[in-house]
Structure formats: C-alpha cells, structure tokens
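What follows is one structure encoded as structure tokens, with my remarks underneath.
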Amino acid sequence: MSARVPLAVPHLAGNERRYLEACLDDNFVSSVGPFVDRFECEFASAVGVPHAVACASGTAALHVALQLAGVGPGSVVAVSTFTFIASANAVTYTGAHPWLIDSERESWNLDGERLHAEVERRALAGERLPDAIEAVHVLGHPARLEPLLDLRERFGIPLVEDAAEALGASYRGGALAGQQAGAIGAFGCFSFNGNKVITTGGGGMLVTADAQLAARAKHLTTQAKLPQRGYLHDEVGFNYRLTNLAAALGVAQLEQLPAFLAAKRALARRYEAALADLPVDPPPHAAWAEPSHWLYSLLLRPGAPPRDAVLDALGAAGIEARPLWPPLHRQAPYMSAETLGGEVADDIYARGISLPSSVGLSAEEQERVIVAVRGVLNGTP
Ligand SMILES: *Cc1c(COP(=O)(O)O)cnc(C)c1O
C-alpha cells in the first residue's frame, strides 16, 4: 500500500535550513533578531502594503487588528458564518459579538450585497449598525469587497480582512483590479499555520497602510511596553510577537511564494479538468478574481454518494480528504449569535469536501487522488 496522501503539509524546499542555522549561530532564537524585521519588510512589499507587523498567529493578528479598528466590549462585527472559527473567536476576544452573515454562491464568501441591503434598511429604520466588518477570503478566493467599501464610505464602518488563507490572491477585474486580498481594508491579517499558503510553523501577520496604526499594533503585540528603561506599560498589551526562528522560516517561505502559487493553481486546474464530467461543482472562481487555491474544495451534486460516504471511501484509499467547516451558527459557542441567513453556508457544508492540496503534491499522488475520486463517484477511470 502506498503512503497516505495528506491534505496539506508544509513544503520546505528553499533556504529554511540555512536561515534557521543563522539564527542558531547568532543566538537570535527569540523575539529579537534580524529575520523579524526582514520578514515584515519583505511581506509588506509582497502584499503591496506599506507596513506589516509579525504576530504569534493569524488569530492574534485579527485580535489586534479588530481592537485597533475600534472594536471592543459590546461592539457588533459582521463576519462570514462560513469560515474557520478563529475569524469569530478574535471578535469574541475583544468583548464584541459576531453577527454571522451567510455566503453568496458566487464566491462562498460573505454575501456583501445582502449585508449592504440589511445595513441600509437598519440605517433607515434607525436600528443599530455593525461597528466593523471582518471579511474573510474563504479558501483563498477573494471576497467581493465593493459593497463593504460602500458601507465604509457611507456609514464609516471599518473593514478588516481575514486573509489567513489568501496570501497571493488578487483582484483582476472591477474597481480593485491589481490589488491583493488583505491589502484593501484598514487591516489585513494572514496566517502562517502549518497548512496555510506559506508557514512559519505557527505565526501571523497584520498589514496596514497607516504608519501610526502599524506602530500601535507593534506596541500591542509587545505587552504595550514603553521604549524607555524599565518595565513601563501604558495599556494592556499582549504577548503576540513572532520569534526570530519563525520569521527565518517565513523569509525562506516567502521567497518561494510565486512557485507555491503556481503549484496550487496547477493542482486546481488539473483537478478541475480531471473531475469535470462527475456530479460535482468545482470551487468558486469568479471572473474578477485570482484565488490562491489554498485548499481545493468542491461540492457534491445530487447523484453523488453522500459526503461522509465519499470521505470514508477516500480515507480507505489512503487519501486524506476533509469536510468543510460547519458554519459558525452551527458551532456551540455561536449557536445563539445573531445570523443573517445561513442556508447557503449550510448547503456548502453539507456537500463540500477538500482534496489534497499540498504544494509538494506530486503528479503521481494527484493522479491517485483523481482515480480514487472518480472511483467513488462512479466515473469511468
Ligand atoms: C487559519 C485561519 C485563521 C487563524 O490563523 P492561526 O494562525 O491558525 O491563528 C483565521 N482565519 C482563517 C480563515 C483561517 O483559515
């Protein structure tokens, strides 16, 4: 039996070892060291934003970003109900409440038109408006931000982007053409967890165009310690720094980002072509969007076996496939959260599976996945 094909594992094919050794040689293994500055600098320029602040995780980056966007106890933050739970947990850490917004079919992301209409209705009725919007670029497909930017314009509602899965994703049409996911809101937040587009083992990054907010973010991630001698702190900060060791990995990974994105896009194209005749819907790919194709995910159509039967059969064939996230309005901590719709997210969850999408997935491994999926879905081999 050949080895198991994992869902998404790191690909450490560049200067990782060399840069880690440099850390050991220089004794810079903790949160001081040249790789942290270098990673921030190179990341900011890769995303096309003036400032980047390294954080201990993507969740930490979101927490700090939301707080700096003015979110606090009692605030309400509109966020996609179809996302990894960290998107909403960061809202909860600030003392705010998430307002869970259903997905649109076109991108599986937060339905911006529907949110826009509801905010307009509330404004007319004199009802409470959300204090911020956190748009998640789910599975690396850019979210349609135009309606959200209009809400910022008209009602001053700030936009924070959860781009944890979307490093390298961009807009190729519309008003945002040429810009990258994460570079548009007041803050963009990225994750370098082990299964993300690039990894530092664990880590995150906050980006912003505002120098003052970037300085405030750095301050908050370092326990709000003042620069003068001694232990003086002017507010409650966090221990959210990234270590120099992790940043060394980050610099090495970032050097390979163009190759990683090319590999992910090639995987997606091959899956799409090889599964086109089966009863499945391919992942969203709007004409105006260039997704990162972080995790190739499709929907089973009527005529396909039930999701769990498909996952079991793939598992038995040595292939790690996964269901998508249960929407947040189905998760214990958020079942009673206010929700706008939810049926689309429920449907995506019920029918969705993710297929192996590692950057290092070989052509042979991908062929094994394709043969197994075709077998389960009764396609001809
Ligand atoms: C991974 C992820 C996060 C959290 O990032 P961590 O680095 O794991 O804390 C947040 N939001 C989304 C959408 C994610 O996929």
Side-chain angles (χ1 to χ4, degrees), residues 7-10 39 43 52-67 69 71 77-94 98 100-101 103 107-110 132-143 145 159-169 181-182 185 187-207 217 221 238-243 245-247 249-250 253-254 264 283-284 291-297 322-328 331 333-334 345 348-349 352 354 357-358:
L7 186 75
V9 290
F39 188 33
F43 193 89
V53 177
C55 298
S57 67
T59 312
L62 281 170
H63 183 188
V64 168
L66 288 164
Q67 185 165 320
V71 171
V77 179
V79 60
S80 180
T81 193
F82 178 64
T83 181
F84 180 57
I85 198 163
S87 306
N89 285 349
V91 172
T92 305
Y93 298 162
T94 67
L100 304 176
I101 313 297
S103 299
S107 70
W108 299 358
N109 288 310
L110 173 151
I133 298 172
E134 184 192 322
V136 187
H137 302 287
V138 172
L139 297 166
H141 189 294
L145 296 182
L159 173 66
V160 172
E161 294 174 73
D162 179 347
E165 303 163 0
L167 176 59
F187 298 95
C189 301
F190 295 83
S191 167
F192 312 124
N193 186 26
N195 65 0
K196 296 291 160 73
V197 179
I198 67 169
T199 187
T200 60
M205 193 75 83
L206 171 159
V207 300
T221 61
F238 309 102
N239 180 9
Y240 276 174
R241 290 172 300 185
L242 189 72
T243 66
L245 278 175
L249 279 176
Q253 289 269 290
L254 195 60
K264 295 250 185 216
S292 66
H293 292 293
W294 167 59
L295 198 55
Y296 190 87
S297 305
R322 286 231 189 120
L324 293 167
W325 311 285
L328 296 180
Q331 302 269 16
Y334 298 112
I348 293 169
Y349 170 61
S354 300
S357 302
S358 303

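Values below: all heavy atoms of this structure, side chains included; hydrogens, waters and symmetry mates excluded. Just follow the structure's listing: the first ligand is 1, and inside any ligand the first atom is 1.
- Heavy atoms of Lys196 come nearer than 4.0 angstrom to ligand 1 in at least one pair.
- Those atoms of ligand 1 with a heavy atom of Glu165 less than 4.0 angstrom away are 12 (C), 13 (C), 14 (C), 15 (O).
- Here the side chains of Pro283 and Tyr296 are in contact, with some heavy-atom distance below 4.5 Å.
- When ring centroids are compared, Trp325 and Phe82 come within the 6.0 Å threshold.
- With a heavy-atom cut-off of 4.0 Å, Ser57 touches ligand 1 through backbone and side chain alike.
- Interface of Ser87 with ligand 1, defined as ligand atoms under 4.0 Å from a residue heavy atom, comprises 11 (N), 13 (C).
- Listed by atom number, the atoms of ligand 1 under 4.0 Å from Val136 heavy atoms are 13 (C).
- For ligand 1, none of its N or O atoms has an N or O atom of Thr83 under 3.5 Å away.
- With contacts defined as side-chain heavy-atom distances shorter than 4.5 Å, the pair Val79/Leu100 qualifies.
- Proximity to Ala86 (heavy-atom distance under 4.0 Å) selects the following atoms of ligand 1: 3 (C), 4 (C), 10 (C).
- With ligand atoms numbered from 1 in the order given, ligand 1 contributes 5 (O), 6 (P), 7 (O), 9 (O) to contacts under 4.0 Å with heavy atoms of Gly58.
- Remark: distances from the non-hydrogen atoms of Gly203 to ligand 1 include one below 4.0 Å.
- Residue Phe190 forms a side chain to side chain contact (heavy atoms under 4.5 Å, CB included) with just one option from Leu62, Leu167, Val197, and that option is Leu167.
- Taking CG of Asn195 as the reference point, atom CG of Leu7 lies at 7.5 Å (rounded to 0.5 Å).
- Taking the six-membered ring for Trp and the full ring otherwise, the centers of Tyr93 and Phe238 sit at least 6.0 Å from each other.
- Distance from atom 11 (N) of ligand 1 to its nearest protein heavy atom, with residue and atom name: Asp162 OD2, 2.7 Å.
- Ring orientation note: the planes of Phe192 and Phe43 are nearly perpendicular, at an angle over 60° on the 30°/60° scale.
- Here atom 9 (O) of ligand 1 lies nearest to Thr59 when heavy atoms of Val138, Asn89, Thr59 are compared.
- In this structure, CG in Leu110 is found 10.5 Å from NE2 in His137, a value given to the nearest 0.5 Å.
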